[in-house]
Amino acid sequence: MSQSLYIYNTLSRKKELFEPLSPPFTGLYVCGPTVYGDAHLGHARPAVTFDLVYRYLKHLGYKVRYVRNITDVGHLESDADEGEDKIAKKARIEQLEPMEVVQYYSDRYHEDMDKLNVLKPSIEPRASGHIIEQIEMARAIFDAGLAYEVNGSVYFDVKKYNESHHYGKLSGRAIEDMQAGSRELDGQGEKRHPADFALWKKASPQHIMRWPSPWGEGFPGWHLECSAMSAKYLGERFDIHGGGMDLLFPHHECEIAQSNAAYGQDAVRYWMHNNMITINGQKMGKSLGNFITLREFFSGSHTALDRAYDPMTIRFFILQAHYRSTLDFSNEALDAAEKGLKRLLQAYETLKHLSPAGSSDTDHSDLAGKCHTALLDDFNSPVAIAHLFDAVRVINAAKDGKTKLNKEDLHNLQQVFHTFLVDIFGLSDTFATQEDQAQQIIEGLMDLILDLREQARRNKDWETSDKLRDRLRQVNIQVKDGKEGASWEYTSDA
RNA sequence: GGUCUCGUGGCCGAGGGGCUAGGCAGAGGUCUGCAAAACCUCCUACAGCGGUUCGAAUCCGCUCGAGACCUCCA
C-alpha cells in the first residue's frame, strides 16, 4: 500500500506526515478513564476516536501496540474526603475498599465500551499496578535535580525545568502567564512555584490509598502514571499519544516535562487531542454536572433524552464529526444519526442480495480511494462517510433497476462497504438487537397470529386455523386453545 | 485577567481564495390497492463591518457572539 497518513500534531499545530519510529511497529498511548463513576458521552469520544485511529493504523498494515490506562489512584481522594466520617466509623470490612470501587466501575466501563464496539487495547495498565515504576521515574527526575522534597512530598521544579526547556510548549503558554489565575490549593504552601506539580504526595493519616516510598507513605502524583506506563510499554520515545483536549494542560504538559526531566527527551512524537462533546453549546463534563452517562443513552433513562439510543447510533454520531471539532448533542442530532446509519447499513444489506447486471452505467472504482484519501487526511471520518452515502444512492438505484452494476462493481462496493463500515468504522452490520427487544417483537407477532387464527376459527375456516397452528408447531411454538382464548409456549421438539 | 479555539442553510456537520460535501427535517414529483421504503427535483448557507485580491464563506483587521484551558474533568 502506498499511502501517506497525515496527523494533526498538537505540538506543531500542523498536519504532519506520520512516520513511525520503527515501522511497521507503532505505539499508541491514550489517557483512559478515571474509574470512579460511570462513563458518560464525553468518555465515548476519545474511546471511539482512538478506536478509529487504532483500527485504521492496523488497516494500513502497522503493527500497533495500543495502550490505554485506567486511572485508579489519587482521584479517589475527593470521594474519601466526603464520606470520611461515615466511613471511619465502620469496620474495615464494611467499608468500601477503593479497589472495590475501581473494580466496579472498570467492569462497567468495559461493558459500555463493548457495546460501542470499541476494540480492547493491547495493554490496559492500571496506575496502582505501576507504583514502583512511578517511584523510579520520580527518583530519576529528583536525581536530575528537577524535583525537590518537602514534608514527604516530591514536587517537580517547573521554574528550574523551564530554564533549559520550554514548559508550556504543548498548550502554548509561558510560565510567566500562568500565575495570574492560579489559586490556593492543597499543598500550595509547600510548592516553590505555583506551577510546580506533585510527583509524589505524602498520604494524610485518613488517606486510604497509600504505598511506601523513599519519601515515606504516600501516593504518586496525578501526571506521573502516563509517563511511567507509556515508557514501560512503548519505550522512552514513542509515536502517538492521544487524549481529550481538556487534558492538554496541565496533564500532557506535565508529561512532557517529566519525560524530558527523566529521560532527556520528548517521549511523544505526535500528540493528538479530541475535542469535547457539548450540550446546549456547553462542554459536557463531570464538574458541570451536565453529563449523560452512556448507560442512560442506551436505556433512555435521562430527562434530557426523548428515548433510548442504540450504542451504534452513538458511535456513528461521533464518527460523523471530525474528532477535532466540538460535537453538539441533541435528540434531533441523534435521531438524524440513527436514520443515517440505518440508511447506510440497509444499503450494505441490499448490496449482499443484489444480482449483478451485465454492465455498469457508472464508474465507482474510486470509492475506496476517496474514502482512504479522507481518512489519510487526519482521520477525516465525516468525509469518508459522505462518500459512502454517495454510493448508497447508486446502490438503491440499482435495487430499483434504475441503474446497472456489473459483477465487478458489485463485488467492489461490497468490499468497500465491509472494509470501511465494519472494519474501520466498527459499525456492526446489524443493530445490536437486545434480547428483550426481540422477545417483544415475538410476542407482538404471536398476538397478531393468534388474533388472525381466532378470526379464522370464528368463520369456521378450519383450514387456515389449522395451517397456522401446524406451521407454528414447525418452528417450535405450540398453540394451546383454552376457554379464555389461545396461548402459546415454546416446545423443545419440532 | 492570561492563553487559545470557534461562529456554515430549520437541525447536525465537512470544506477552506474561483469547481459552492454529506446526513436529518421540509416541499413537490415518480412508484404504489393503502402505507412505508426507494428514486428524482427543490430549499444553496457560510455572524457583522472593513481591507487584500481579477475574485473571499475561505486570507488580514476590527466588532459582536459562543466556547475551552488556566482547578478534578474525555
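A, B, ... follow the sequence lines: proteins, then strands. Residue 1 opens every chain.
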* To do: For the side chain of Q282(A), starting at C-beta, report the closest nucleotide among A38(B), A68(B), G23(B).
  => A68(B)
* Asked: From C39(B), C73(B), U3(B), pick the nucleotide closest to the side chain of S287(A)?
  ->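 Minimum distance to the S287(A) side chain belongs to C73(B).
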* **Separation of the P atoms in A25(B) and A36(B), to the nearest angstrom** =>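 The answer is 13 Å between these two P atoms.
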* To do: Quote, to the nearest angstrom, the P distance that separates A45(B) from C62(B).
  =>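 Looking at atom P only, A45(B) and C62(B) are 28 Å apart.
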Answer yes or no: does a side-chain N or O of [X] lie under 4.0 Å from OP1 or OP2 of [N]?
X: R13(A); N: U3(B); value: no
X: T34(A); N: C72(B); value: no
X: R393(A); N: C39(B); value: no
X: K339(A); N: A25(B); value: yes
X: N396(A); N: A37(B); value: no

* Could you check which nucleotide pairs with C72(B) in any of the strands shown, counting Watson-Crick or G-U wobble with both distances under 3.5 Å? =>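 Answer to the pairing question: none, since C72(B) forms no Watson-Crick or G-U pair.
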* Watson-Crick or G-U counterpart of C39(B), or none if no pair lies under 3.5 Å -> G29(B)
Base, sugar-phosphate, or nothing: which does [X] touch, judged by heavy atoms less than 4.0 Å apart?
X: L334(A); result: nothing
X: H387(A); result: nothing
X: T49(A); result: nothing
X: S325(A); result: sugar-phosphate

* To do: Return yes if a side-chain donor-acceptor contact under 3.5 Å exists between N69(A) and T71(A), otherwise no.
  =>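 There is such a pair (donor and acceptor under 3.5 Å, judged by atom type) between the side chains of N69(A) and T71(A).
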* To do: Could you check whether the rings of Y323(A) and F50(A) sit parallel, tilted or perpendicular, using 30° and 60° as the cut-offs?
  => tilted
* Asked: To the nearest Å, how far apart are F249(A) CZ and C72(B) C1'?
  ->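 From F249(A) CZ to C72(B) C1': 14 Å.
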* With rounding to the nearest 0.5 Å, note down the distance linking NZ in K159(A) to CG in N162(A). => 10.0 Å
* Nearest-0.5 Å distance that lies between atom CG in L146(A) and atom OG in S164(A) ->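 Spacing of CG (L146(A)) from OG (S164(A)) equals 6.5 Å.
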* Check: H223(A) ring centre within less than 6.0 Å of F197(A) ring centre -> yes
